There are 2 protein chains.
Amino acid sequence: MRSYGQYCSIARSLDVIGDRWTLLIARELLLQGACRFTDLKKGLPGIATNLLSTRLKELEEAGLITREEAPPPIATTLYTLSETGRTLEPVLKALGLWGLRFMADERPDDAFQARWLAYAPEWFTTDADPDAPPAVIQLVAADEAAVVELGNGRVRTRVGRATDPDLVLEGPPRAVLGLVNGLIDLEGARRIGLTATGRTDLLKRLRPHGDGTGCSS
Amino acid sequence: MRSYGQYCSIARSLDVIGDRWTLLIARELLLQGACRFTDLKKGLPGIATNLLSTRLKELEEAGLITREEAPPPIATTLYTLSETGRTLEPVLKALGLWGLRFMADERPDDAFQARWLAYAPEWFTTDADPDAPPAVIQLVAADEAAVVELGNGRVRTRVGRATDPDLVLEGPPRAVLGLVNGLIDLEGARRIGLTATGRTDLLKRLRPHGDGTGCSS
DNA sequence: CCGGATCCCCAGGGATACTG
DNA sequence: CAGTATCCCTGGGGATCCGG
């Protein structure tokens, strides 16, 4: 990208990661770990292959990712965030937290993936009752499933299904994520199609890092 | 900007503020407060006027800035960050902190302004000895001057000159800012042209929010 | 199937001139 | 001062093709 030519750390950040798609590539690598070219392509619906290729080169030059030629049985090149690349996590978290305010807007054609369902609770909520016994919440939205595990004062998430969840939240993405992130309350979420089965009291434990934008009724 | 079309809060953030120059406009409005068109243009060396105009419209539509027609004696339109716009501060701070690692690179042609000298200590350092008496550090780099005021456990900065500073740091931008932000130590800063006059012990009070990138000798 | 490279086209950005 | 208008050019989107 063309440099802004400003001796300012924000501008210099953007010189490196301000290009289109760059931060989303970092998101995928941070969420997925080592990725093949095709894995990245799948995780970035809409990206052109030439762009992905170009960005990967640029990111490697900038020292943010490393490419390694994996031997058989993988027999392909793997892309990984470098130590420096992983320091982008706070940047992605800040952006992600700020962007929550737009998650209420309905845009039916948006792509949606289980990983994006998963990272939000882990990054943007806290267990409000850290001493309470462990609990498991199953999220299901648009055929994508993720599991939220509460316990030991932590909120952990993973893609997939749990065997015996204490609570199942199912519905359109903006209902599930809107509820979990405190943009809407349970009643509001139900009104746009959420089904909550099980211990809905667990929702009180999930405290969003809200910034005052949310909880309309 | 063209939407990424992903239901992910990072992607939705970038849909709004991912365009070129957008975040730097927010930086200026955050640092300067209400601005005229020309003020922004001066604070954003290199921006084309049509782009600035376009971005201001987009930002207004997104609800991040408000334009107000000021009556005489100002008699012009003023741009201000809205309440929502001000919530970008954590995003800018995260980016600015991450970008510090690139401030060591020398790029002599980069533009430089006093405001960019000023915000870095306020955002990225802490008073390591909050109970110590107040102190004033004068920063001077490339003819731009800023004042750092330590006191009451806070680090405050402003553009301009102090009457009787306890310490004066003068030299090329990357020497002054590199030292203040912990990228280099005093010795290293002197080696690239820093002059430190006064109580250099105050530097110990200025604790950078470093992330392990710095302090090469 | 994977990992790209190539080509064409268009939108967005850059520089500058011009106007109320 | 506060933009608008214009022209040019680069970078991104989309499809296709190609070697391993």
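Here the structure is a predicted model, which is why all the values come from computation and not from measurement. Numbers restart at 1 for each chain; the letters A, B, ... are given by sequence-line order, proteins then strands.
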- salt bridge (charged side-chain N to carboxylate O under 4.0 Å, His left out) filter on Glu149(B), not counting sequence neighbours, yields Arg158(B)
- Query: With sequence neighbours excluded, what pairs up with Thr125(B) under the side-chain hydrogen bond (donor to acceptor under 3.5 Å, both in side chains) test?
  - Reply: none
- Message: Do Arg20(A) and Tyr4(B) form a cation-pi contact, if we require the NZ or CZ to be under 6.0 Å from the six-membered ring centre and within 45 degrees of the ring's axis?
- Response: yes
- In whole angstrom, what separates Arg2(A)'s CZ from dC9(D)'s P? 13 Å
- Whole angstrom value for the distance that separates P of dG11(D) from CD1 of Ile47(A): 16 Å
- Message: Restricting to side-chain contact (heavy atoms from CB on, under 4.5 Å), what partner residues turn up for Pro173(B), sequence neighbours left out?
- Response: Tyr7(A), Phe112(B), Ala141(B), Ala142(B)
- Could you state the CZ-P distance from Arg55(B) to dT4(D), rounded to the nearest angstrom? 14 Å
- Could you state the CG-P distance from Leu52(B) to dA5(D), rounded to the nearest angstrom? 16 Å
- Query: Which pairs count as ring-ring contact (aromatic ring centres under 6.0 Å, His included) when at least one residue sits in residues 40-61 of chain B, sequence neighbours excluded?
  - Reply: none
- Item | Carboxylate-amine/guanidinium proximity below 4.0 Å for Asp110(B) and Arg174(B) | no
- Task: Take atom CG of Leu51(A) and atom P of dA11(C), then tell me their distance rounded to the nearest Å.
- Result: 16 Å
- Output all residues satisfying side-chain contact (heavy atoms from CB on, under 4.5 Å) with Ser53(B), sequence neighbours left out; order by chain, then residue number. Phe37(B), Lys57(B)
- Item | Spacing between Arg36(B) atom CZ and dG3(D) atom P, to the nearest angstrom | 11 Å
- Message: Could you work out, with side-chain contact (heavy atoms from CB on, under 4.5 Å) as the rule, every residue matching Ser13(B), not counting sequence neighbours?
- Response: Leu95(A), Trp98(A)
- Item | Nearest-nucleotide pick for Arg67(A), side chain only, options being dG12(C), dG12(D), dG4(C) | dG4(C)
- Note on the structure: With B for base contact, S for sugar-phosphate-only contact and - for none (protein heavy atoms under 4.0 Å), nucleotides 15-20 of chain D reads B-----
- How would you label the contact of Thr54(B) with the nucleic acid (heavy atoms, under 4.0 Å): base, sugar-phosphate, or nothing? nothing
- Taking CG from Leu40(B) and P from dG3(D), how many angstroms apart are they, rounded to a whole number? 10 Å
- Pairs where residues 67-77 of chain B contributes a residue and the test side chain to side chain donor-acceptor pair (under 3.5 Å) is met, not counting sequence neighbours: Glu60(B)-Arg67(B), Arg67(B)-Tyr79(B)
- Lys57(B) has a side chain; which of dT4(D), dG3(D), dA5(C) sits nearest to it? dT4(D)
- Message: Under 4.0 Å, counting only non-hydrogen atoms across every strand here, what does Lys42(B) touch: a base, just sugar-phosphate, or nothing?
- Response: nothing
- Please give, in whole Å, the distance from dG14(D) C1' to Leu44(A) CG? 16 Å
- Can you sort out which residues in residues 14-26 of chain A have a heavy atom within less than 4.0 Å of DNA chain D? Ascending by number, please. Asp19(A), Arg20(A), Trp21(A)
